[in-house]
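Reviewing the structure listed below.
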Amino acid sequence: MCCNTTKFAPYFKENSKMRYNFNDIEKKWQKIWAERETFKAENNSDKPKYYVLDMFPYPSGAGLHVGHPLGYIASDIYARYKRHKGFNVLHPQGYDSFGLPAEQYAIQTGQHPAVTTETNIKTYRRQLDQIGFSFDWSREVRTSNPEYYKWTQWIFIQLFESWYNNDSNKAESIETLVEVFNSEGNSNVNAACDDNTEIFTAEEWNSYSSEQQQEILLKYRLTYLAETEVNWCPALGTVLANDEIVNGVSERGGHPVIRKKMTQWSMRISAYAERLLQGLDTIDWTDALKDIQKNWIGKSVGASVRFPILSFPKREKKLDSKMPGYMTGGNNSHLLIERAKEMRTNPTEAEAALWGSLRGKKLGAKFRQQHLINDFIVDFVCLDKKLIIEVDGKIHDFKIEEDKARTERLENDGYKVIRFKNEEVLGNIDVVLNKIEGELTQRESIKSEQVLPSGKDLGWEIEVFTTRPDTIFGASFMTLAPEHELVAKITTPEQKVEVDAYIEATAKRSERDRMADVKTISGVFTGAYAEHPFSKTPIPIWIGDYVLASYGTGAVMAVPCGDQRDYDFAKHFNIPIPNIFEGIDISEEAFADKDKTIIANSDFLNGMNYKKATKRVIYELEQIGQGEGKTNYRLRDAVFSRQRYWGEPFPVYYKNGLPQMIDVEHLPLTLPEVEKYLPTETGEPPLGNARVWAWNTATNAVVENEKIDNTTIFPLELNTMPGWAGSSQYFNRYMDPRNDNEIFSQEAIDYWQQVDLYIGGSEHATGHLLYSRFWQKFMFDKGLVPVDEFAKKLINQGMILGTSAILYRVSGTNQYVSREQKHNYDVEEIRVDVNLVNASDEIDIEKLKHWQPQFKDAEFILENGNYTVGREVEKMSKRWFNVVNPDDIVEQYGADSLRLYEMFLGPLEQYKPWNTAGITGVHGFLKKLWKLYVGQDGLNINDAEPTKDNLKTLHKTIKKVEEDIENFSFNTSVSTFMIAVNELTAQKCTSKDILEPLLVLISPYAPHIAEELWERLGNSESISTAPFPKFEEKYLVESSKNYPISFNGKMRFTMELPLDLSKDDIEAAVMANEKTQEQLQGRTPKKVIVVPGKIVNIVG
RNA sequence: GCUGAAGUGGUGGAAUUGGUAGACACGUUGGACUUAAAAUCCAAUGGCCAUUAUGGCCGUGCGGGUUCAAGUCCCGCCUUCAGUACCA
């Protein structure tokens, strides 16, 4: 035995070298590529540049599944192809390594997210390496590295220091804005800013305190602090962006989401709405993706119209109207007057705040403070309206009975008493003032009984946005969102109860309920009327929850004849539906087709079409000063704060509650250590747990929290940045990733310019891909990048889906029934590991019993001795147990097989279920390819002159593969390779002139086998930069064509004819053929169509 | 509802401007090799009807239309997927 082994060993060794030993070959070349840095890109080169980028992955604990590499393989093929075509190719890879899963894991285990992330990245790297990607790993970036997020923080500061000038249509330094404020105030500034920004003069600006100025500037900055209503997810303890919510629950984990008000950092992306829209026309992205972004930006063009509010209808007088004068004290006045004076000079904080807003008829009525009424001192009173305002401190909680008696007595005298708590006044004075204002308008003046307060006199008006100003004469009512600020002011006393009840009911309904319930029509009349700008007729004002406070002005002019919702609303509440369309029947439904509209019953708009009428009505509105043309966008500013640990810290500390930026030279501000990754007990973000998280402005260092003195040492921001922060400029950082002085050098960005080809999933359409475009445009405005779109071309690869395996458990038992019989039982679906199931959908019951304990004692109702599982195609996910790992495939078939197979599966953009059944096909192809080059005894290659057939096969392959790669049709080029190898094998081709160029064609797809065979052919340089073979038409030129001969369009037989025959000659030849006569059976054809080189069709 | 994409054998999918529908694979069936299995090779494979090699009919979601000729173009539907959703 021993001797035999020794004797045959050399033979086996030799033989194994001749086999397609993919595991050895792939390891060998991966090592060589890494050692020689074969794919390292230089920032300067004589070659033209090409930048191919993948969306970098989040390194999750589950590792790569077979879906991840799909896009990477496609981009790698393209990158390799471009190298063959003589380009200097940048093809980098990195990790989007901040994110929720690592943090969730940290919360559960206490493991620092950085540790988990590092482990996961190692796994990713190993998995990526074994697939043989041509990444330039020397440029790797990780968003969670301080050296990287230093620049994320830097961009944040740049945004903070900028405002958007709508006149120059670009972002500008905040300094330029301050200059304008100093010299002329803000009345001429045309900026993207908060809606509630007040107008001030230069004098006023200069009189403001530094804090007041900073507060005003925040309303202009491109990143700003604002109290916003956010999507709060209690389970995750964080705010979610709209695109992180799917069907009302969080995308991650599926937890419920509620609306909540919080102070948050926001990004003023809305300033860029129009440019984000226009820019789409300049880039080569798919229409599908552009449409998603267009919809998301949601531009609508129309007009803004202002409707004055009319007087309320008269109501009966109930109040006792004896004139009280201003001396309203009672018998004990002399005792109380001194006390009242004292209280006036020493008001509480809340009283002082409120008085500041009530004094000097600021609300349109005179108030007195600490005034005597009978034997009471009331805080504030408007004698004219007999309205008393009381501001209560904590002590009043214990004097409820006393207060009640006092209120009763005052009300008997005809006063109305409203009470506020200190916190209400200090917390949100606007709400308080709004309520007071509402009360004032509801109460009659005792001085003037005949003239009622009128909205028109007060200058109140409802502003609406409409896309159909041409239908303004069809407006028969108005609807306000229940949350609209005017609602409290204009509602008449008669309607108040009903309106309040409706508002309360709406507030209780969650977004989800509102969404689910689109059909129910609800609303309430406020009792108030607005005046039509042209007809001057009164229009009733309703509230209804179909109007959203967050879009437009939160108010609509309802034109029931032209809008179905308005129509339904009008029908439901019996509101008139005037018809303003010529010859259109609106008795059944509204008519919304604006292109077919001719306006009638509309005064000066009669007889006009939509376009003309719109133009005219806007002109008329401008003439009377009640409206103008306006464009609205659905795109909202993006909330940028997350109540999370594992994210970029904001380079921000707080001085007197106002945010201050840390100087750029002190970046990065690194994440502090915390003991717990959960929010603090007081509900602060996890960074609230950090003990060393204060900023010392003297030393410019992070110091212990105890040292905070608010003079030199200040608290730091506790929120962190969202996931998209780190991914919004990473593509530019790859150009110069190790630069510590700049985000990237001028030379680097000038050389690489922008991404030429970007490949990634379309699920990022309204997230990463929109935010990145926004930041790129900002960087462009700042002169930092040469182009304002970061990716010239974008391809969306489809997702590879899993095929889940489903067991059917009979309800309430531990019995499982096979698929065929499930309809006979009441069953629940249970997903199980797909690896337990064979290709015929039969499960291995023994393995299943060991898989999870619940199956140990389970009973199975079989069908023909087997248990067949149900199948469901869905997203690959750990929780569906349908994840297929690429490692096993690589182990069993090799990386080249995996690469080819993923491409062969179907068109790149298509969503497709993973199914390993076909992988033997491409693996067989590689073996066949190998055998074409390597025989039992060595290479099959020689210098034989190629035959005509050899050349024809090669050149048609060159042509097809080149076209396919340019069109990203990778699946068809795999077929083309198969055909080529099948043909060359049949031709017994051994010619080096054919087989060597063929390797270059295949190399982008299957680089390992190509490199190996390339080397065996005697090449010492890597195949990766070998020139792509040149296609030559002459080898494909044919002298004859096998014409399909069809009769009435149906192909019956074919006929070989020379290509240089004329039409007539072809016709003659075909007619002379006996098969033609057979088909015709004596009939004479009516017509013979001859398309030379294509087809012959005989009609008749 | 609106916007976009798609619908082709048992399966994944081909078909560049209208011009031989089903390339290339998988699977299945039969055969060769083998003690056997694997691997490999050969043949058949859209359906139906015939069968003497030859043939015939029907077929690209459904119904119409344009054309010598339609998977491809036009009109009207159906279904699936994705995005968005009371957006004024």
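Everything numeric in this text was worked out from a predicted model, so none of it was measured. Proteins get letters first, then strands, A, B, ... in listed order; numbering begins at 1 in each.
Ring geometry for A:H768 against A:H764 counts as perpendicular: the plane angle is over 60°, on a 0 to 90° scale with 30° as the lower cut.
Applying the 4.0 Å criterion to OP1 and OP2 of B:G12, one finds that A:K912 has every side-chain N and O outside that range. Considering only side-chain N and O atoms, A:Q910 lies nowhere under 4.0 angstrom from the phosphate OP1 or OP2 of B:A6. A:R634 has a side-chain polar atom (N or O) that falls below the 4.0 Å cut-off from OP1 or OP2 of B:A85. The shortest distance between the side-chain N/O atoms of A:Y911 and the OP1/OP2 oxygens of B:C81 is not below 4.0 Å.
Among the candidates A:Y893, A:Y901, A:W930, the single residue satisfying the ring-ring contact (aromatic ring centres under 6.0 Å, His included) test with A:H923 is A:Y893.
Residue A:E1056 qualifies as enclosed at atom CD: its count of foreign heavy atoms under 6.0 Å is above 12.
Counting only residues at least two apart or in different chains, side chain to side chain donor-acceptor pair (under 3.5 Å) contacts with residues 956-967 of chain A comprise A:Y78-A:E966, A:Y81-A:E966, A:K85-A:E962, A:K956-A:E983, A:K960-A:D964, A:D964-A:T972.
Which of B:G13, B:C24, B:U3 sits closest to the side chain of A:S975 comes down to B:C24. Considering only the side chain of A:A288, B:G4 comes nearest among B:U84, B:G4, B:C57. Distances were taken from every side-chain heavy atom of A:T920 (C-beta onward) to each of B:C87, B:C58, B:C26; the shortest belongs to B:C26. Minimum atom distance to the side chain of A:N982 is reached by B:A25, of the listed B:G19, B:A25, B:C86. Considering only side-chain atoms of A:Y546, the nucleotide from B:G13, B:A23, B:C86 that sits closest is B:C86. Proximity note for A:I979 (side chain, C-beta onward) versus B:A23, B:C87, B:U20: the nearest is B:A23. Distance from the side chain of A:P1044 is smallest for B:U20 among the nucleotides B:C86, B:U20, B:G83. Nearest to the side chain of A:R1052, among B:G56, B:A14, B:G19, sits B:G56. Listed nucleotides: B:G13, B:G19, B:C57. Nearest to the side chain of A:I1089: B:G19.
Pairing for B:A37 is absent, judged as Watson-Crick or G-U wobble with the two contacts each under 3.5 Å. Using Watson-Crick or G-U wobble geometry with both donor-acceptor distances under 3.5 Å, B:G7 finds its partner in B:C78.
Backbone-only engagement by A:P907 is indicated by non-hydrogen atom pairs under 4.0 Å involving sugar-phosphate atoms exclusively. A:N1042 comes within 4.0 angstrom of a base, heavy atoms only. Among the heavy atoms of the strands, none lies under 4.0 Å from A:D563. Nucleic acid contact for A:N971: sugar-phosphate only, since backbone atoms but no base atoms lie under 4.0 Å from a heavy atom of the residue. Residue A:K1094 is in base contact, counting any heavy-atom pair closer than 4.0 Å across all strands shown. Contact annotation for A:V1091: base contact, defined as any heavy-atom pair under 4.0 Å involving a base atom.
Taking every heavy atom of residues 467-476 of chain A and every atom of RNA chain B, pairs under 4.0 Å involve A:T467, by number.
Nearer to the 5' terminus of RNA chain B, by closest-nucleotide assignment, is the contact made by A:G924 (compared with the other of A:I292 and A:G924). Heavy-atom nearest nucleotides on RNA chain B were determined for A:K928 and for A:G921, and the one closer to the 5' end corresponds to A:G921.
A:H955 pairs by the ring pair (Phe, Tyr, Trp, His ring centres under 6.0 Å) definition with A:Y1035, not counting sequence neighbours.
Shown here, B:G64 is classed anti by the O4'-C1'-N9-C4 or O4'-C1'-N1-C2 angle, which is more than 90° from 0.
Atom CZ of residue A:F968 and atom CD1 of residue A:I795 lie 4.0 Å apart, to the nearest 0.5 angstrom.
Separation of the A:F477 and A:F569 ring centroids falls under the 6.0 Å cut-off.
Taking the P atoms as reference points, B:A88 lies 42 Å from B:G19, given to the whole Å. The gap from the C1' atom of B:G61 to that of B:C81 amounts to 15 Å, rounded to the nearest Å.
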